[in-house]
Amino acid sequence: MNGVSDAVLNGDRLSLARLITGIENQQQDSLLLLDQLFSHTGRAHLIGVTGAPGSGKSSLVNQMACLYRHPKHGEPEKSVAVVAIDPTSPFTGGALLGDRVRMRDLAGDSGVFIRSMASRGELGGLASTTSQVVQVLDAAGFEVILIETVGVGQSEIDIARLAHTVIVVEAPGMGDDVQAGKAGILEIADLLVVNKADQNGADHTQRILNQMLEMANSKRFNSEIINHHRGEGRRDTLPAMPDWRPPVLKTIATEGTGIEDLVDQVSKHWDYLQASGQRKSRENERLIKEMEQLLREELMSHWRSQVADELYQKILLGLLEKTYSPRQAVRQLVA
Ligand SMILES: Nc1nc2c(ncn2[C@@H]2O[C@H](COP(=O)(O)OP(=O)(O)OP(=O)(O)O)[C@@H](O)[C@H]2O)c(=O)[nH]1
Ligand SMILES: [Mg+2]
């Protein structure tokens with residue numbers, strides 16, 4: 001093991017920051033270090049925090065980090081890393097500065113590491129780069145890793161899937177009418193938070209979210225029963241213990257209200273994942289997905305380097321002129 005990975009394992013912040021920059025830039029030496037650190041990963045609790053722009057994700061993350069550092073009721077303190085994915089839009093990109101300012105509460109604390117990642121100019125996929133950065137922080141020994149993303153596109157959902165525990169943040173009145181869009185977000189939520197509970201309509205939003213959860217739950221339950229009767233029920237999908245039912249919590253991030261309950265539920269979810277064996281199965285699934293994604297990229301770029309541009313263009317043209325169907329085009333290309 002070389003000096004840099006030792007330094008990272010020993011919590012040297014400068015080495016850690018440099019390594020993360022190298023990974024963001026997909027530099028070979030940094031990726032090689034990551035390979036060496038990989039066997040040290042798997043201890044951290046990864047918590048995704050996602051939700052619409054401005055719903056209060058950063059404020060919540062800040063409050064949660066503070067509570068992990070200064071727990072009430074004599075619980076042990078935990079080291080915390082925060083990865084904030086910077087929104088692509090230059091309009092919302094400015095919010096980052098505000099995030100940093102609020103993180104001031106934690107400045108100078110060596111048990112906290114905060115990192116913003118730009119989604120602009122991303123070399124690898126955002127999800128896989130984020131996963132690599134999180135692996136470094138995990139290896140470096142941070143016990144809790146909070147990952148903030150704006151919940152819009154597929155890549156944010158992929159990032160949310162990185163986490164053991166996904167918190168979806170809503171604000172009162174936001175998008176009561178975009179239920180279709182919320183269905184996907186609900187699917188990934190382990191905990192729902194109605195933040196800005198000091199504003200009107202928080203109870204209403206909480207009620208709606210609970211109703212939507214009920215509906216989603218009964219749908220899933222029915223299909224599980226049907227599959228079971230058809231003999232399609234896989235053993236590992238039929239839980240030996242009651243399913244986790246995502247709680248819908250209210251918080252006021254600006255005042256720190258409801259944060260203790262939130263952190264408490266997060267730790268209950270962790271216990272649930274451990275007891276049900278899902279912690280391992282989620283991690284396994286994620287690692288296999290990550291490897292398969294890298295494999296696809298590797299095979300594709302290897303294959304592409306073997307095919308003459310001229311041939312590739314010719315077959316693409318044939319496809320667009322409908323001389324070849326997509327399947328025929330592929331057969332031509334791999335022949
Ligand atoms: N009234 C009220 N305002 C809040 C609350 N939580 C956050 N805010 C405010 O809402 C604004 C957005 O908060 P952020 O924490 O930056 O929200 P965000 O979801 O991280 O925003 P983006 O990262 O830009 O998507 C800020 O002005 C906060 O001060 C709350 O509980 N009540
Ligand atoms: Mg934010």
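Side chains included, hydrogens not; waters and symmetry mates left out as well; all remaining heavy atoms used. Start at 1 with the first residue, then count along the sequence. In each ligand, atom 1 is the first atom listed, and ligand 1 is the first ligand listed.
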Option set P53, S59, P172, criterion heavy-atom distance to atom 7 (C) of ligand 1, minimum: S59
Geometric class of the F142/F113 ring pair [parallel <30°, tilted 30-60°, perpendicular >60°]: tilted
Rounded to 10 degrees, the angle OG of S58 makes with OE2 of E148 at the Mg ion (ligand 2): 90°
Per atom 22 (P) of ligand 1, closest listed option by heavy atom (G54, A84, A253): G54
Where P172 and N195 come nearest, the two heavy atoms and their spacing: CD-O, 3.0 Å
Winner among K250, Q199, E148, K196 once heavy atoms are compared against atom 9 (C) of ligand 1: K196
I252 and ligand 1 - part of the residue with a heavy-atom distance under 4.0 Å: both
Salt-bridge criterion met for D198 and K250 (N-O under 4.0 Å): no
Note: R207-D203 ion pair, threshold 4.0 Å (strictly below): no
Closest non-hydrogen atom pair, L67 against E260: CD2-CA, 3.6 Å
For atom 30 (C) of ligand 1, the option (of T50, T254, V49) bearing the nearest heavy atom: T254
Contact partition for E255 relative to ligand 1, non-hydrogen atoms under 4.0 Å: neither
W244 (side chain) donor-acceptor with D190 (main chain) under 3.5 angstrom: yes
